[in-house]
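To start, the structure under review is shown below, and the notes come after it.
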Amino acid sequence: MLSPLAHIHPAARLAPGVTVEPFTTIYGDVEIGENTWIGPNVTIMDGARIGANCQIFPGAVVSGIPQDLKFAGEVTTAHIGDYTVLRECVTVNRGTVDRGRTVVGSHCLLQAYVHIAHDCILGDHIVISNATQMAGHVQVGDWAIIGGTSAIHQFTNIGAHAFIAGGSLVRKDVPPFVKAAREPLTYAGVNSVGLRRRGFSEEQVNGIHEMYRTLYLSGLPMTESLSRIEVELPPSPERDEVTQFVRSAARGIIKGPSRGSVAEEGAD
């Protein structure tokens with residue numbers, strides 16, 4: 001159903017089953033997939049590419065121009081994957097010449113007042129809680145969860161299956177599979193509960209624990225810790241993901257706990 005009280009540019013490409021509620025504005029260079037619901041008072045601007053079976057709630061703005069003084073009007077896009085939900089007043093800016101696009105994957109939930117800046121690349125099954133603000137060029141891996149009112153520094157990389165506590169200031173890269181909390185943001189253990197919920201075996205979870213004990217609790221320099229992990233632990237996708245992430249962390253990774261501040265993190 002397309003409300004007669006919505007303004008939909010005739011060039012916009014809407015698939016069958018799309019619903020557009022009253023007082024929504026949809027620009028011309030827009031694509032929206034099947035059975036997506038666009039609520040009232042939503043603005044979908046040029047460059048939006050929205051998948052199927054999405055829900056976009058009142059006040060959201062998709063594909064607004066970047067809040068970047070270097071932006072020179074280049075043609076870029078903002079992509080929203082299938083089955084993704086954008087709650088009230090979410091803003092997703094389109095890309096700049098750097099990456100050409102901003103991407104929010106499929107099966108994601110962005111809660112109210114979340115901001116996703118230009119050139120961010122988000123994977124699938126991500127949850128970002130209320131009022132989190134994400135600066136430009138951030139990357140977030142699949143299944144990550146970011147607590148409410150967090151602030152994410154530009155060019156930061158957040159690994160898959162990471163859990164970040166609410167109210168965090170994320171200034172460094174957050175490796176895969178970990179919990180991050182405190183101020184400044186610190187390694188707070190492995191996200192064991194989330195991993196088990198997603199079907200990771202006890203053997204996999206224990207292997208991840210062992211990697212982060214070596215990285216954060218051994219007292220070794222990071223390069224030596226990585227070498228020990230690769231020599232002493234059997235090959236696995238998790239091992240490769242962690243070591244590759246840490247080696248490629250241009251901003252450096254979050255710090256480990258101070259000695260004596262964290263109990264044995266395998267106990268959760």
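What you are looking at is a predicted structure, and each value in this text was computed from that prediction instead of being measured.
To the nearest 0.5 angstrom, R213 atom CZ is 12.0 Å from I229 atom CD1. We find the CE-CD1 distance between M45 and I65 to be 7.0 Å, quoted to the nearest 0.5 Å. Between the CD1 atom in I121 and the CG atom in N157 there is a gap of 11.0 Å [rounded to 0.5 Å]. Here the straight-line distance linking atom NZ of K172 with atom NE2 of H153 works out to 9.0 Å at 0.5 Å rounding. With rounding to the nearest 0.5 Å, the separation of OG in S192 from CZ in F200 is 11.0 Å. Y212 contributes atom OH, which lies 12.0 Å from atom OG of S225 (distance to the nearest 0.5 angstrom).
Within 6.0 Å of atom CZ in F245, more than 12 heavy atoms from other residues, nucleotides or ligands are found, so the atom counts as buried in its surroundings. By the neighbour-count criterion of 12 heavy atoms within 6.0 Å, atom CD of E202 is densely surrounded, having more than that number from other residues, nucleotides or ligands. R197 CZ: 12 or fewer foreign heavy atoms inside a 6.0 Å radius. Surrounding OH of Y113 are at most 12 heavy atoms belonging to other residues, nucleotides or ligands under 6.0 Å away.
At distances below 3.5 Å, not a single donor-acceptor pair connects side-chain atoms of S106 with backbone N or O atoms of G81. For D82 (side chain) and A52 (main-chain N/O), a donor-acceptor pair under 3.5 Å exists by modelled atom type. K179 places no side-chain N or O within 3.5 Å of a backbone atom of I164 that could act as its donor or acceptor partner. Proximity of a side-chain donor or acceptor of T84 to a complementary backbone N or O of G105 within less than 3.5 Å is detected. In terms of modelled atom types and a separation under 3.5 Å, the side chain of S218 and the main chain of L215 share no donor-acceptor contact. For the pair T36 (side chain) and C54 (backbone), a donor-acceptor distance under 3.5 Å is present. Judged by distance alone, with hydrogens and angles left aside, the side-chain atoms of D46 form no donor-acceptor pair with the main-chain N or O of Y27 at under 3.5 Å. Under the 3.5 Å distance criterion, the side-chain polar atoms of R99 are matched with a main-chain donor or acceptor of D119. Between the T102 side chain and the N93 main chain, a donor and an acceptor come within less than 3.5 Å of each other. A donor-acceptor distance shorter than 3.5 angstrom exists from the side chain of Q133 to the backbone of A131, with no hydrogens or angles considered.
Salt bridge annotation for R247-E230: present, with a cationic side-chain nitrogen under 4.0 angstrom from a carboxylate oxygen. Here E232 does not pair with R239 in a salt bridge; the nearest charged N to carboxylate O distance is not below 4.0 Å. Of the charged side-chain nitrogens involved, at least one lies within less than 4.0 Å of a carboxylate oxygen, so that R49 and D29 count as a salt-bridged pair.
Taking the six-membered ring where tryptophan is involved, the planes of W143 and H161 are essentially parallel, since the angle between them stays under 30° and well short of 60°. In this pair, H137 and H118 present their aromatic rings perpendicular. The plane angle is above 60°, beyond the 30 to 60° band.
Side-chain atoms of R87 and L109, non-hydrogen and from C-beta on, do get closer than 4.5 Å to each other.
Nearest heavy atoms, P66 versus G95: CG-O, 3.4 Å. In this structure, V62 and A48 approach most closely via the heavy-atom pair CG1-CB, 4.0 Å.
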Trace of the side-chain contact (heavy atoms from CB on, under 4.5 Å) decision for Q111 with F57: CA-CA 10 Å; Q111 295 181 2; F57 281 72; over 6 Å; no
Salt bridge (charged side-chain N to carboxylate O under 4.0 Å, His left out), that's the test. Do R171 and E183 meet it? Break it down for me. CA-CA 11 Å; R171 304 180 181 96; E183 173 55 31; 3.2 Å; yes
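Exactly one of I44, V20, I32 qualifies for a side chain to side chain contact (heavy atoms under 4.5 Å, CB included) with I8. That residue is V20.
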